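If you're wondering where the values come from, they're calculated on a predicted model, not measured in any experiment. Hydrogens, waters and symmetry mates are skipped; everything else that's a heavy atom, side chains included, is used.
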Amino acid sequence: MQTQGLNKGALLRHETYRIEKILGQGGFGITYLATDLSLDRLVAIKEFFPKDYCERDHDTSHLSIGTSGSSDFVSRLKAKFLKEARNIAKFDHPGIIKIHAAFEENNTAYYVMDYIEGESLSDKIKREGPLSEEAALNYITKVGEALTYIHQQKMNHLDVKPANIMIRQVDNSPILIDFGLSKQYDSEGNQTSTTPVGISHGFAPLEQYNDGGVKEFSPQTDIYSLAATLYYLVSGVTPPHATQLIEEEISFPTGFPANLISAISIAMSSARKHRYSDVSYFLAALKPTDEATDIAAPPVVSVPPSTSEPIKPIEQTPTVSKTEERAKPNLIKWLMLIGTIPVVIVMFAIYSWRKETSKAVSNPVPTKEITQDTVTETNKKAAPPTRKLMNYQSAFGECVYAGKVDPNGYPHGHGIAIWNEEYMDTQTATKRKRDAQKYDGQWVHGVMEGEATYTLQCGDTFVGTFQNNEYQKGRYTIKSSGEYFEGTFKNGQPNQGYWYDKNGNRL
């Protein structure tokens with residue numbers, strides 16, 4: 001059977017590139033190993049080849065469209081292919097394939113990229129079996145950083161899977177390849193092309209099965225695929241199709257690392273709104289328990305700049321000037337002088353009260369009997385007591401709480417809650433606890449509500465107001481990058497506001 005690809009030895013672009021062999025073929029393209037004759041090095045070349053719509057003349061290498069009705073559709077796909085090449089060529093990230101040239105020839109289009117000597121993660125798993133948790137997380141973290149980069153460029157990859165992650169043999173680094181299904185979006189998050197979306201079963205989320213499901217920019221789509229890839233790396237099993245997960249949550253094979261289950265389950269939720277909305281949150285949730293909290297922060301999404309006026313920075317505590325410091329002694333003297341006046345008044349009141357008491361003793365008046373019920377009612381009207389330390393089952397799980405409580409024993413007023421986690425001390429072979437995350441702020445009858453500072457163990461912080469155990473208004477800062485979102489939140493996600501870099505410049 002004759003192959004649909006170019007013949008070995010075929011020359012392209014004025015005899016600059018020589019085809020050596022086919023590396024792979026999909027529904028819309030063929031990837032070749034080639035030699036760059038001008039630089040004497042190996043490269044990879046991708047050819048636009050929609051196999052269901054065209055045929056090749058092997059004598060001339062030219063492509064011809066099957067029917068006239070398909071011409072416009074194929075033309076739009078080719079334009080997207082070239083646009084994809086131009087977009088990726090602008091990328092500068094060690095975890096993303098580099099593109100060096102793009103051109104049209106043989107009635108189709110090509111682009112030239114680095115040849116990654118190594119194997120895909122898919123081939124690696126088929127050859128070696130499932131990876132260790134540590135090895136899998138190392139690859140996923142680096143691929144996640146590459147995805148973060150392309151998301152910052154308002155692009156979705158839309159085909160993240162083990163077969164599209166090459167492991168470079170020389171340094172064991174994962175490289176994200178094959179942007180054939182990727183979509184570019186404008187500053188408002190709307191797609192800039194309307195070409196079809198492909199599906200890799202087991203790795204594509206539900207929205208990719210729906211017409212128009214990814215017409216708006218959403219990092220959650222790639223996050224689903226990244227989590228599905230992690231599932232495969234650790235288990236060696238392809239996850240169920242997204243259509244099978246509509247009615248039930250994903251199940252995990254026996255022996256699957258328990259500390260990864262929660263993060264993967266959230267990231268692979270059928271509904272986008274239930275997934276992590278930024279890759280950094282998914283990666284943080286995957287960190288070992290001595291590096292990150294078990295309770296993830298409410299997902300944060302980037303809000304288009306047009307949604308609101310800029311949010312002013314949170315006001316800092318005012319400083320005291322030297323002039324004000326010098327004025328303090330005189331102020332204290334005046335306060336002491338004025339303070340003697342109420343003392344005289346109080347002494348006179350005590351003298352009058354003693355006289356009235358003497359009269360009452362000699363002429364007693366019937367009084368209401370004091371009972372235990374009376375004492376209880378009086379205590380209810382008193383200010384909430386302070387309890388130094390107690391265990392409390394909060395909305396985030398069991399914590400250690402210190403602060404004010406209401407008469408029923410629920411946190412009320414200012415208090416500090418610390419969620420602990422157990423770990424094994426290998427030196428003493430005993431279980432110990434360490435601080436995980438901390439809430440320092442206001443409570444209302446057991447609910448986190450009011451001004452607060454919330455700190456995650458991974459170092460991310462939220463400073464602002466809580467309402468009904470969720471962020472309401474304030475600033476969420478990512479420790480690893482220094483970037484922060486400032487504004488209002490709704491259902492745990494930003495509603496109005498902006499992202500800023502670590503220097504305070506709006507992103």
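- When every heavy atom of Leu206 is checked against every heavy atom of Ser270, the shortest pair comes out as CB-O, 4.3 Å.
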List the steps, then state whether side-chain hydrogen bond (donor to acceptor under 3.5 Å, both in side chains) holds for Thr108 with Asn106. CA-CA 5 Å; Thr108 186; Asn106 296 327; over 6 Å; no

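- Below 30°, between 30° and 60°, or above 60°: for Phe462 and Tyr476 the angle between ring planes is between 30° and 60°, a tilted geometry.
- A donor-acceptor pair under 3.5 Å links the side-chain atoms of Ser269 to the main chain of Ile266, judged by distance alone.
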Take Thr229 and Phe203 through the test side chain to side chain contact (heavy atoms under 4.5 Å, CB included) and record every step on the way to the result. CA-CA 7 Å; Thr229 298; Phe203 300 97; 4.0 Å; yes

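- Using bins of under 30°, 30° to 60° and over 60° for the plane-to-plane angle, the ring pair Tyr439/Phe466 lands in the perpendicular bin.
- Remark: Leu233 CG to Ile165 CD1 distance equals 7.0 Å, nearest 0.5 Å.
- The closest donor-acceptor contact from the side chain of Asn107 to the backbone of Leu63 lies under 3.5 Å.
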Decide side-chain hydrogen bond (donor to acceptor under 3.5 Å, both in side chains) for Thr221 and Glu207; before the verdict, give the C-alpha distance in whole Å, the side-chain angles of both, and the deciding distance to 0.1 Å. CA-CA 8 Å; Thr221 301; Glu207 59 265 25; 2.7 Å; yes

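- Counting only distance, with no hydrogens or angles, the side chain of Asp222 and the backbone of Leu158 share a donor-acceptor pair below 3.5 Å.
- The nearest pair of heavy atoms linking Gly5 to Ile30 is CA-CD1, 3.8 Å.
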Passes side chain to side chain contact (heavy atoms under 4.5 Å, CB included), Phe49 versus Gln25? Steps please. CA-CA 9 Å; Phe49 189 93; Gln25 180 170 356; 4.2 Å; yes

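- Of the inter-residue distances, the one linking Asp278 atom CG with Glu483 atom CD reads 8.5 Å to the nearest 0.5 angstrom.
- Taking 4.5 Å as the limit, every side-chain heavy atom of Tyr454 sits out of range of all side-chain heavy atoms of Met448.
- Distance check: Ile175 CD1 to Ile116 CD1 gives 5.0 Å after rounding to the nearest 0.5 Å.
- Environment of CG in Asn505: crowded, with over 12 heavy atoms of neighbouring residues, nucleotides or ligands closer than 6.0 Å.
- You'll find the side chain of Glu20 reaches within 4.5 Å of the side chain of Thr35, heavy atoms only.
- Taking every heavy atom of both residues into account, Glu84 and Ser182 meet most closely at CG-OG, 4.1 Å.
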Residue pair Asp159, Ser200: steps toward the side-chain hydrogen bond (donor to acceptor under 3.5 Å, both in side chains) verdict: CA-CA 7 Å; Asp159 200 17; Ser200 294; 2.7 Å; yes

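- Within 6.0 Å of CG on Asp171 lie more than 12 heavy atoms contributed by other residues, nucleotides or ligands.
- Of the residues Ile177, Asp178, Leu176, the one that meets the side chain to side chain contact (heavy atoms under 4.5 Å, CB included) test with Ile97 is Ile177.
- When atom types are taken as modelled, the side chain of Arg475 and the backbone of Val463 share no donor-acceptor pair closer than 3.5 angstrom.
- Taking the side chain as every heavy atom from C-beta outward, Tyr17 and Asp36 approach each other to under 4.5 Å.
- Between Lys8 and Lys21 the shortest side-chain heavy-atom distance does not fall below 4.5 Å.
- What you find for Tyr500 and Glu486 is that their closest heavy atoms are CE1-CB, 4.2 Å.
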Please assess Ile264 against Phe252 for the test side chain to side chain contact (heavy atoms under 4.5 Å, CB included), listing each intermediate value before the final yes or no. CA-CA 10 Å; Ile264 292 177; Phe252 294 83; 3.8 Å; yes

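- Ring pair Phe91/Tyr149 is perpendicular by interplanar angle, where above 60° counts as perpendicular and below 30° as parallel.
- Other residues, nucleotides and ligands place more than 12 heavy atoms under 6.0 Å from the CD atom of Gln244.
- Under a 3.5 Å cut-off, the side chain of Glu105 and the backbone N or O of His14 do not form any donor-acceptor pair.
- The shortest distance between side-chain heavy atoms of Tyr111 and Arg86 does not fall below 4.5 Å.
- When every heavy atom of Ile223 is checked against every heavy atom of Ala267, the shortest pair comes out as CG2-CB, 3.9 Å.
- Under the 3.5 Å distance criterion, the side-chain polar atoms of His93 are matched with a main-chain donor or acceptor of Gly95.
- Using the six-membered ring where Trp is involved, Phe81 and Phe48 have ring planes that are tilted, between 30° and 60° apart.
- Annotation: the span from Lys215 atom NZ to Lys183 atom NZ amounts to 11.0 Å, rounded to 0.5 Å.
- At a threshold of 4.0 Å, the pair Glu47-Arg56 counts as salt-bridged, since one of the basic side-chain nitrogens sits closer than that to a carboxylate oxygen.
- Contact check for Tyr139 versus Asn172: side-chain heavy atoms found under the 4.5 Å cut-off.
- Put simply, CD on Glu133 and CG on Leu230 are 8.5 Å apart, with the number rounded to the nearest 0.5 Å.
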Take Tyr209 and His201 through the test side-chain hydrogen bond (donor to acceptor under 3.5 Å, both in side chains) and record every step on the way to the result. CA-CA 10 Å; Tyr209 287 79; His201 295 300; 2.8 Å; yes

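- Shortest non-hydrogen contact noted between Tyr232 and Lys126 is OH-CG, 4.1 Å.
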Stepwise, does the side chain to side chain contact (heavy atoms under 4.5 Å, CB included) test hold for Asn190 with Glu216? CA-CA 5 Å; Asn190 300 313; Glu216 295 178 349; 4.2 Å; yes

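- Between Phe489 and Phe485, the ring planes lie perpendicular to each other; the angle is over 60°, past the 30° to 60° tilted range.
- Few gaps surround CD on Gln393; more than 12 heavy atoms of other groups in view lie less than 6.0 Å from it.
- More than 12 heavy atoms of other residues, nucleotides or ligands sit less than 6.0 Å from atom NZ of Lys98.
- To the nearest 0.5 Å, the span separating NZ on Lys78 from SG on Cys54 amounts to 10.5 Å.
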